[in-house]
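The block underneath contains the structure these notes are about, expressed in structure tokens.
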Amino acid sequence: MENRAQAYRAGLSSPLAGERACSRLSPYLALGTLSARQTHLMSEGVQTDTVSLREGRRAFQSRLAWRDHFTQKLENAPDMQLRALNPLACQRPITDDHFDAWAKGETGLQFLDAVMRYLAATGWLNFRARAMVISVGCAQLGIDWQRAGQFLASRFVDYDPGIHWRQVQMQAGLTGISLPRLYNPIKQGHDHDPLGRFTRRYMPELTHVPDGFLQKPWKWPQSLLGQKYPKPIIDITTATKEARLHLWTHHKTKSYSDLSGEVMKKHGARRPNQNRHGTESKTNAQNTQLNFDL
């Protein structure tokens with residue numbers, strides 16, 4: 001709270017900076033050895049202060065509140081691990097052909113593979129990386145969301161059912177509230193590991209690949225790369241277009257929209273002066289807490 005919060009906002013999405021910019025308190029919060037209230041009070045009680053520290057702590061406190069928000073979602077739908085919030089969202093082609101390659105970090109999509117190998121080595125990922133591995137695994141690779149979710153749950157040292165399964169459903173596009181973001185791991189590599197430091201650390205077979213080919217190593221002459229690293233098991237551009245078309249097709253139907261509306265009423269985040277239907281509440285604003293549906 002006195003030092004690391006200073007880099008929190010800038011570093012939390014980076015695969016390299018995130019492991020030190022983030023608090024890394026999630027295992028203790030998940031296991032109950034540290035409470036969210038205690039953590040919040042600790043962040044409020046810091047004496048040394050700068051603008052960057054204050055901003056970092058506010059961002060961290062916001063995520064503590066969102067943690068409770070997602071825990072409440074599980075209490076409202078305790079079978080979230082077993083069924084999709086919007087059942088119609090499950091009507092998509094599912095194949096487990098790519099599961100082993102995804103789980104082992106051998107898809108040929110180097111940044112995705114680096115992240116999966118980092119998870120195997122550390123048991124932890126920052127939020128952006130978690131979202132990417134679920135999204136690409138379920139949407140573009142066609143892995144069953146429950147199988148992907150169970151595998152990740154077994155790897156995370158900070159597995160927290162309330163956060164985990166709601167995020168799995170959100171990133172896999174099963175809530176129906178909004179279209180999920182479809183991640184392109186090649187673009188993510190360019191954006192968050194432009195110098196290849198993270199990738200080369202966890203993908204030693206790509207150590208000697210030049211920077212210009214690192215995000216697409218299959219374009220480097222195979223005679224130079226040899227058999228050390230496989231070609232991509234899918235064409236990410238084609239797979240993304242197919243996944244997006246499938247999602248849009250479902251979103252256009254009235255039955256899908258009706259079910260999504262019910263999910264939104266029960267699970268959507270609302271402003272403190274809105275009631276559960278998303279309309280303005282007559283409750284005095286002074287008596288309405290900003291508690292994210294708790």
Side-chain angles (χ1 to χ4, degrees), residues 1-46 48-71 73 105 111-137 149 151-168 170-171 181 183 185 188-202 269 292:
M1 297 300 175
E2 295 178 355
N3 296 295
R4 290 169 65 149
Q6 186 162 318
Y8 183 71
R9 295 182 65 186
L12 61 87
S13 293
S14 167
L16 280 175
E19 63 183 19
R20 294 190 176 277
C22 294
S23 74
R24 305 303 295 273
L25 294 175
S26 53
Y28 308 98
L29 290 166
L31 293 171
T33 57
L34 187 65
S35 74
R37 176 184 286 275
Q38 184 180 8
T39 306
H40 179 86
L41 291 175
M42 287 168 58
S43 69
E44 288 287 325
V46 176
T48 57
D49 223 351
T50 65
V51 172
S52 57
L53 278 172
R54 286 197 299 272
E55 291 179 347
R57 286 198 296 271
R58 279 198 294 267
F60 176 70
Q61 290 167 354
S62 172
R63 281 162 176 78
L64 279 178
W66 278 106
R67 178 180 179 274
D68 283 349
H69 172 73
F70 283 109
T71 298
K73 289 178 184 292
F111 188 66
L112 174 66
D113 291 346
V115 168
M116 293 301 286
R117 295 187 192 186
Y118 175 81
L119 172 61
T122 68
W124 182 85
L125 294 175
N126 63 14
F127 171 78
R128 184 178 293 274
R130 296 184 193 219
M132 182 189 71
V133 299
I134 296 169
S135 175
V136 177
F151 173 80
L152 293 174
S154 72
R155 285 290 176 92
F156 288 145
V157 296
D158 57 2
Y159 168 62
D160 187 319
I163 299 173
H164 180 73
W165 288 107
R166 182 59 172 81
Q167 287 297 325
V168 168
M170 179 186 297
Q171 303 302 335
R181 177 180 182 180
Y183 286 79
Q188 292 295 304
H190 279 295
D191 291 347
H192 300 289
D193 189 32
L195 300 179
R197 294 172 182 167
F198 175 79
T199 298
R200 289 188 173 94
R201 179 183 298 179
Y202 292 96
F292 298 108

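Looking only at side-chain heavy atoms (C-beta outward), Asp160 and Leu29 stay at 4.5 Å or farther from each other. Using a 4.5 Å cut-off on side-chain heavy atoms (C-beta onward), Tyr118 and Trp124 make contact. Counting heavy atoms from C-beta outward, Arg24 and Asp158 have side chains that stay 4.5 Å or more apart. Residues Leu16 and Arg201 meet the side-chain proximity criterion, which asks for heavy atoms closer than 4.5 Å. By the 4.5 Å heavy-atom criterion applied to side chains, His192 and Ser13 are counted as neighbours. Contact check for Phe156 versus Ser26: no side-chain heavy atoms found under the 4.5 Å cut-off. The shortest side-chain heavy-atom distance between Leu119 and Leu152 falls under the 4.5 Å cut-off. Taking 4.5 Å as the limit, every side-chain heavy atom of Phe60 sits out of range of all side-chain heavy atoms of His40.
Of the possible donor and acceptor atoms, none in the side chain of Asn126 sits under 3.5 Å from a partner among the backbone N and O of Gly18. A donor-acceptor pair is defined here as one N or O able to donate and one able to accept, closer than 3.5 Å; such a pair exists between the side chain of Arg63 and the backbone of Ala59.
Residues passing the side chain to side chain donor-acceptor pair (under 3.5 Å) test with Ser154: none are found, sequence neighbours excluded. Taking the side chain to side chain donor-acceptor pair (under 3.5 Å) definition, one finds that Tyr28 meets it with nothing, sequence neighbours left out. Residues satisfying the salt bridge (Lys or Arg N to Asp or Glu O under 4.0 Å) test with Arg128, not counting sequence neighbours, are none. Applying the side chain to side chain donor-acceptor pair (under 3.5 Å) criterion to Ser14, with sequence neighbours excluded, gives no partner residue. Every residue meeting the ring-ring contact (aromatic ring centres under 6.0 Å, His included) condition with Phe151, not counting sequence neighbours, appears here in chain and number order: Phe99, Trp102.
Counting all heavy atoms, side chain and backbone alike, Thr199 lies closest to Phe111 at OG1-CD1, 4.0 Å. Residue Ser135 comes nearest to Arg181 through the heavy atom pair OG-O, 3.0 Å, listed as atom of the first residue, atom of the second, then distance. The minimum heavy-atom distance linking Leu34 with Met42 is given by the pair CD1-SD, 4.5 Å. Closest heavy-atom contact between Gly105 and Arg117: O-NH2, 3.0 Å. Considering all non-hydrogen atoms of both residues, Ala121 and Tyr202 come closest at CB-CE2, 4.2 Å. Considering all non-hydrogen atoms of both residues, Arg67 and Ala30 come closest at NH2-N, 4.0 Å.
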Practice prompt. Evaluate the criterion side chain to side chain contact (heavy atoms under 4.5 Å, CB included) for residue pair Met1 and Thr39; output intermediate values, then yes/no.
Written response: CA-CA 10 Å; Met1 297 300 175; Thr39 306; 4.0 Å; yes
Item to complete: Report the C-alpha separation of Gln61 and Glu44 in whole Å, then their side-chain angles, then the decisive distance to 0.1 Å, and conclude whether the side chain to side chain contact (heavy atoms under 4.5 Å, CB included) test is met.
Response: CA-CA 9 Å; Gln61 290 167 354; Glu44 288 287 325; 3.0 Å; yes
Would you list the atom pairs, donor with acceptor, under 3.5 Å between side chains in residues 3-12 and any protein atom, with sequence neighbours excluded?
{"unit_1": "Arg4", "atom_1": "NE", "unit_2": "Arg20", "atom_2": "O", "d": "2.7"}
{"unit_1": "Arg4", "atom_1": "NH2", "unit_2": "Glu19", "atom_2": "O", "d": "3.3"}
{"unit_1": "Arg4", "atom_1": "NH2", "unit_2": "Arg20", "atom_2": "O", "d": "3.0"}
{"unit_1": "Arg4", "atom_1": "NH2", "unit_2": "Cys22", "atom_2": "O", "d": "2.6"}

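Ring pair Trp66/His69 is perpendicular by interplanar angle, where above 60° counts as perpendicular and below 30° as parallel.
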